[in-house]
Number of protein chains: 2
Amino acid sequence: MGSKSIGKTDVEKLYTITELTREFGISTRTLRFYEDEGLVHPERRGRTRLFRHSDRRIIQNILRGRRIGFTIAEIREIILAYKDPPGESGQLTLMLRRVTEKRDELKQKRKDIEDTITELDLIEEQCLTRLAEIGVGT
Amino acid sequence: MGSKSIGKTDVEKLYTITELTREFGISTRTLRFYEDEGLVHPERRGRTRLFRHSDRRIIQNILRGRRIGFTIAEIREIILAYKDPPGESGQLTLMLRRVTEKRDELKQKRKDIEDTITELDLIEEQCLTRLAEIGVGT
DNA sequence: CATTCTATTGACCTTAACGTAAAAGTCAAT
DNA sequence: ATTGACTTTTACGTTAAGGTCAATAGAATG
């Protein structure tokens with residue numbers, strides 16, 4: 001009801017494709033690809049695409065998923081699950097299993113990352129030690 | 001000097017390729033690929049490959065790197081950095097920069113993972129709520 | 001020795017996620 | 001009306017990390 005309500009009468013800011021490519025450091029090809037994949041749904045003014053805030057948020061989600069190694073299919077699955085969780089009981093329990101699966105996978109990944117960070121720390125230490133030796137020797 | 005010393009006289013256990021594929025759930029093609037890439041260096045008895053403990057450990061490292069989305073090139077880089085850190089000062093500071101880069105990348109990834117886990121928790125909650133509603137309704 | 005596994009090499013094949021190039025349309029500014 | 005920046009569609013190209021298949025070679029076991 002206030003000035004922050006999002007109704008049909010609001011003038012929502014629309015983004016052009018290059019605005020978004022610049023903001024996120026991706027190519028136009030990538031955004032068109034995501035549209036082909038049904039992940040974003042920009043309006044059209046003539047033929048040109050105009051992206052909404054919701055698309056922008058979805059893109060952020062896609063990029064996050066991409067960073068942690070999810071495929072487009074997996075990312076789509078999560079986005080859909082978030083948007084409209086299934087109504088039928090069987091589908092719901094199935095989704096619960098999938099969620100548990102994914103979460104376990106992510107926890108393993110987190111552990112792998114932490115172990116690798118530790119290893120990098122070790123490498124760093126070795127480098128610093130060597131550098132100190134060399135520094136002393138010269 | 002004790003029975004745990006690893007000297008030339010030790011009888012080290014050697015692994016055949018299928019032993020390793022079974023242990024790690026990967027294919028022989030994958031192991032040969034890793035050899036072509038210079039990551040493992042099995043001995044040969046005739047033409048058959050025989051892997052040592054060190055190779056086995058390297059394979060574990062490769063798989064860990066793979067899980068967190070590293071490319072073979074990146075994995076190789078880390079393995080080499082661990083095996084023989086460079087001796088020259090310039091190379092050392094360069095490597096220190098690369099280490100910092102990688103670590104930052106991993107920290108971002110860890111954050112992404114944690115955010116995604118939170119999102120999965122939310123989806124799970126929604127599913128459980130819906131299930132409870134349905135359960136009540138029937 | 002014959003059979004039966006298992007391994008090896010070499011070659012081409014596959015998939016995801018875009019890259020890249022071509023040809024053409026849009027629109028504001030000069 | 002031309003330039004220049006941006007956009008579109010179409011379509012073939014690329015890369016990493018193996019998959020798959022065929023032909024061959026050892027190794028082991030009855």
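Every chain is numbered from 1, with letters handed out A, B, ... down the list of sequences. Computation of the quantities below employed the complete heavy-atom set of this structure, encompassing side-chain atoms and omitting hydrogens, waters and symmetry-equivalent molecules. As the structure is a computational prediction, the values presented were derived from the model and not from experiment.
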What is the distance, to the nearest angstrom, from the CD atom on B:E19 to the C1' atom on C:dT6? 13 Å

May I have the distance from A:E37 (atom CD) to C:dT15 (atom P), rounded to whole angstrom? 15 Å

Any A:T16 side-chain N or O less than 4.0 Å from OP1/OP2 of D:dT7: yes

Say whether B:L122 and B:L131 are linked into one hydrophobic cluster, either directly or through other cluster members, by side-chain heavy-atom distances under 4.5 angstrom. no

For A:T28, answer base if it contacts any base atom (sugar-phosphate contacts may also be present), sugar-phosphate if it contacts only those atoms, and nothing otherwise; contact means non-hydrogen atoms under 4.0 Å. nothing

Tell me whether the OP1 or OP2 atom of C:dG19 has a side-chain N or O from A:S27 closer than 4.0 Å. yes

Can you see if the side chain of B:T48 gets near the phosphate of D:dA27 - specifically, an N or O under 4.0 Å from OP1 or OP2? no

State which of D:dT9, D:dG18, C:dC18 makes the closest approach to the side chain of A:R32. D:dT9

Is there, by distance only and without an angle test, a donor paired with an acceptor across the side chain of B:R49 and the base of C:dT8 below 3.5 Å? no

Do B:K13 and B:E19 meet the salt-bridge criterion of a basic N to acidic O distance under 4.0 Å? yes

Does a side-chain N or O from B:R29 land closer than 4.0 Å to OP1 or OP2 of D:dC21, or not? no

What is the nucleic acid contact for A:R44, judged by heavy atoms within less than 4.0 Å: base, sugar-phosphate only, or nothing? sugar-phosphate

For A:Y15 and A:H53, I'd like to know if the aromatic rings sit close, meaning centre-to-centre distance below 6.0 Å. yes

Residues B:K111, B:D115: salt bridge by 4.0 Å N-O rule: yes

Determine whether any donor atom in the side chain of A:R47 lies under 3.5 Å from an acceptor atom in the base of C:dG25, or the reverse, and answer yes or no. no

Short side-chain N/O contact to D:dA17 OP1/OP2 from B:Y34, under 4.0 Å: no

Please report the distance, rounded to the nearest Å, between CD1 in A:I59 and P in C:dA17. 16 Å

Rounded distance in Å - CZ (A:F51) to P (D:dT8): 7 Å

Without hydrogens or angle criteria, can the side chains of A:T18 and A:T21 be said to hold a donor-acceptor pair below 3.5 Å? no

How close or far is atom C1' of C:dT6 from atom CZ of B:R45, stated in whole angstroms? 13 Å

May I have the distance from B:F33 (atom CZ) to D:dT15 (atom C1'), rounded to whole angstrom? 11 Å

Whole-Å distance, A:E74 CD to C:dA16 C1', equals 12 Å

Please report the distance, rounded to the nearest Å, between CG in A:D36 and P in D:dA11. 13 Å

Name the nucleic acid region contacted by A:R22, choosing base, sugar-phosphate or nothing; use a 4.0 angstrom heavy-atom cut-off, strictly under. sugar-phosphate

